[in-house]
Amino acid sequence: MIVRSEPPKASIRGVSAAPGIAVGRAHVLDRGRFATPRRRIDADTTEYERGRLEQAIETSRTELCAIRDQLDVEGAATFRMLLDAHVAMHDDVMLIESAVTLMKAELINAEWALERVIASIKEQFESVSDGYFRERAGDVEQVGERILRQLVGRVSLLPMVQGGSVLVATDLSPADAVQLSQSRPAAIVLELGSPTSHTAILARAMEIPCIVGVANATRRIAHGDTVVVDALRGDVILDADDAMLARVEERSRRYRHFTGKLRERRSLVPELQDGTVVELSANVELASEVLIANLDGVAGIGLFRTEFLYLGRANPPTEDEQVDVYADVLRAAEQRPVVFRVFDFGGDKLPFASPVARPSNPALALRGLRFALTRLDLLMTQLRAILRASVHGKARIMFPMVATIPDLRRAKQCVLDVQAQLKADGVPFAEVPIGTMIEVPSAVMLADHLAKEADFFSVGTNDLVQYVLALDRSDPKLFSRARLYDPAVLRTLAHVAKAAEHASVPFAMCGDMAADPIALPLVLGLGFRNLSMSLSQMPLAREILSRVNMVQVHALAKDALECATATDVGRLIVQRLGTSLEEVWSENGIDPSSL
Ligand code: PEP
Ligand code: MG
């Protein structure tokens with residue numbers, strides 16, 4: 001039976017970034033909101049104000065360096081890079097020189113000038129794009145705020161949070177995230193952030209329930225309030241009465257028991273009821289995830305989204321910096337394959353370039369490989385770094401958003417060119433298979449030809465579904481779970497699987513569909529045996545695998561391919577697998593009657 005709890009009376013909805021349920025007293029991280037002091041100054045005071053600003057920058061830089069130096073010398077390369085980027089921003093001409101110029105031109109005090117410069121840089125970034133660029137704007141804001149706090153004599157360091165309490169904050173910087181790993185709250189609630197922010201990733205790795213995007217959380221929640229963090233559904237409940245608290249405690253206990261059971265079986269080979277083995281690999285955004293993860297039972301890293309290395313910095317990472325990170329990851333993976341996906345930028349996902357006009361249709365503008373081929377400087381540097389690091393493990397290179405055969409051929413030629421350079425320079429490198437993502441319809445239709453050019457395929461359903469159904473993946477209203485099992489998507493996947501099987505090319509799936517508790521049986525039935533997903537999604541996927549068998553999922557997929565609508569497919573899944581998967585769905589907040 002599906003247990004449905006009553007809707008909470010006062011709750012704020014956010015986006016779940018790390019699953020789990022917790023109840024605790026709020027520790028509201030209000031670093032003392034303050035109004036920026038604004039003063040007019042005399043022309044002969046500008047040098048004094050400049051001195052204050054420089055002193056604040058110096059102190060802030062020293063403080064950040066101290067946090068960075070708390071990191072272990074081994075590993076944690078990505079976190080160090082993030083902190084390095086923040087340290088480097090202290091010297092950012094845009095930030096500092098603009099503040100001094102403004103101070104002199106308008107005769108205003110350092111705090112006022114700095115505040116205005118931060119606001120204007122932020123506005124520039126935000127007006128250009130959403131998503132990735134916004135993270136850059138967030139970095140500028142975090143660094144600016146640190147310096148501002150120094151100027152007005154406020155504390156920036158994260159206070160120790162008592163174990164068992166719920167940390168409520170506007171946002172957490174990479175420096176906070178590093179400190180957080182020492183205090184371990186019961187849950188985290190953030191007003192800003194995204195499931196792919198560094199704090200969210202760290203929260204998942206430490207198994208701390210975390211909800212981001214909770215509007216006005218620091219205003220609506222008071223220090224010491226008892227709050228319920230339901231990070232399975234994305235709800236922060238503020239006025240739970242005793243009856244509700246008891247129910248939540250019970251759900252939390254059941255969830256912990258359920259995940260505990262799953263964890264115990266973590267190192268067993270993932271297999272279906274009938275013994276069919278499935279390979280589960282990990283999708284990672286930051287190297288730190290791999291460095292702190294337990295990789296027992298994980299086949300490898302099926303998707304390393306390298307573009308995250310380029311975010312939040314003024315300049316792209318150097319070749320040597322990249323070699324350090326890739327080598328760290330390969331060593332941590334201990335001879336498991338690691339698929340380094342070449343940076344996937346373009347359209348509105350530009351990392352560090354100065355703001356440019358927003359393309360009229362970013363999803364269809366220069367993206368992925370097409371973009372990389374216009375920035376051979378970046379591409380060749382990255383390929384060189386991956387190849388140099390390849391001696392430390394089993395590296396693979398994968399190109400994103402491949403849309404044409406000539407593009408893939410040019411990309412492969414780049415790899416050959418870099419290999420020739422390395423040989424000439426006497427730099428060792430290992431054999432590195434080259435694969436392609438299948439995430440645009442043209443790649444699907446050319447799958448038989450691509451199979452002659454690529455060593456492996458990995459299907460990116462996040463983009464593929466968007467392009468097959470012509471629905472923006474970033475619009476939650478349009479892009480619901482039902483879209484994943486739309487018959488048009490299933491037929492597309494069947495076509496890819498068939499082409500790859502026919503050509504004997506290994507094929508995997510690394511889009512979110514591979515871990516979806518409803519769609520996963522269909523994915524198996526269509527022939528996918530190699531799935532890549534975030535580490536936190538793996539226990540649930542293993543559980544689903546263990547509750548279905550090959551005959552069942554084959555028959556399900558065969559019949560689903562004949563359906564006309566997603567609703568028909570949804571009904572079919574519930575009809576065929578409802579009994580086996582009801583408990584799993586219910587523990588994870590899925591109501592089958594809504595499919
Ligand atoms: C995908 O599109 O499914 C994919 C895995 O790539 P990303 O989500 O990074 O675009
Ligand atoms: Mg994609």
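Start at 1 and go down the list; that is how both ligands and their atoms are numbered.
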**Request:** Mark up the atoms of ligand 1 that fall under 4.0 Å of a heavy atom belonging to Arg305, in ascending order.
**Result:** 4 (C), 5 (C), 6 (O), 7 (P), 8 (O), 9 (O)
**Request:** First locate atom CE of Met509, then atom CG of Leu464, and finally report the distance between them rounded to the nearest 0.5 Å.
**Result:** 8.5 Å
**Message:** Quick one, Asp417 with Gln413, criterion side chain to side chain donor-acceptor pair (under 3.5 Å). Give me CA distance, side-chain angles, the key distance, then yes/no.
**Reply:** CA-CA 6 Å; Asp417 291 348; Gln413 186 57 48; 2.9 Å; yes
**N/O separation below 3.5 Å, Thr461 to ligand 1** = yes
**Message:** Counting only heavy atoms closer than 4.0 Å, does ligand 1 sit against the backbone of Leu303, its side chain, both, or neither?
**Reply:** side chain
**Item:** Within 6.0 Å of CZ in Arg529, more than 12 heavy atoms from elsewhere
**Value:** yes
**Message:** Using a 4.0 Å heavy-atom cut-off, which part of Arg341 comes near ligand 1: side chain, backbone, both, or neither?
**Reply:** side chain
**Asked** side-chain contact (heavy atoms from CB on, under 4.5 Å) between Gln552 and Arg576: does it pass, once the steps are laid out?
**Response** CA-CA 8 Å; Gln552 210 177 22; Arg576 304 273 177 89; 5.7 Å; no
**Parallel, tilted or perpendicular: rings of Phe345 and Tyr310 (30°, 60°)** = perpendicular
**Request:** Please confirm if an N, O or S atom belonging to Asp344, backbone or side chain, lies less than 2.8 Å from the Mg ion (ligand 2).
**Result:** no
**Request:** Specify the closest pair of heavy atoms between Val505 and Ala451, including all atoms of both residues, with the distance to one decimal.
**Result:** CG2-O, 3.4 Å
**Prompt:** Which ligand 1 atoms does Gly460 reach within 4.0 Å, using its non-hydrogen atoms?
**Reply:** 1 (C), 2 (O), 3 (O)
**Asked** Does some non-hydrogen atom of Gln466 fall short of 4.0 Å from ligand 1?
**Response** no
**Asked** For His449, does the NE2 atom sit with more than 12 other heavy atoms under 6.0 Å from it, leaving out its own atoms?
**Response** no
**Message:** Does any N or O of ligand 1 fall below 3.5 Å from an N or O anywhere on Glu307, backbone included?
**Reply:** no
**Asked** Do any nitrogen or oxygen atoms of Asp463 come within less than 3.5 Å of a nitrogen or oxygen of ligand 1?
**Response** yes
**Fill in**
Vertex the Mg ion (ligand 2), ends Glu439/OE1 and Asp463/OD2: angle to nearest 10° comes to 100°
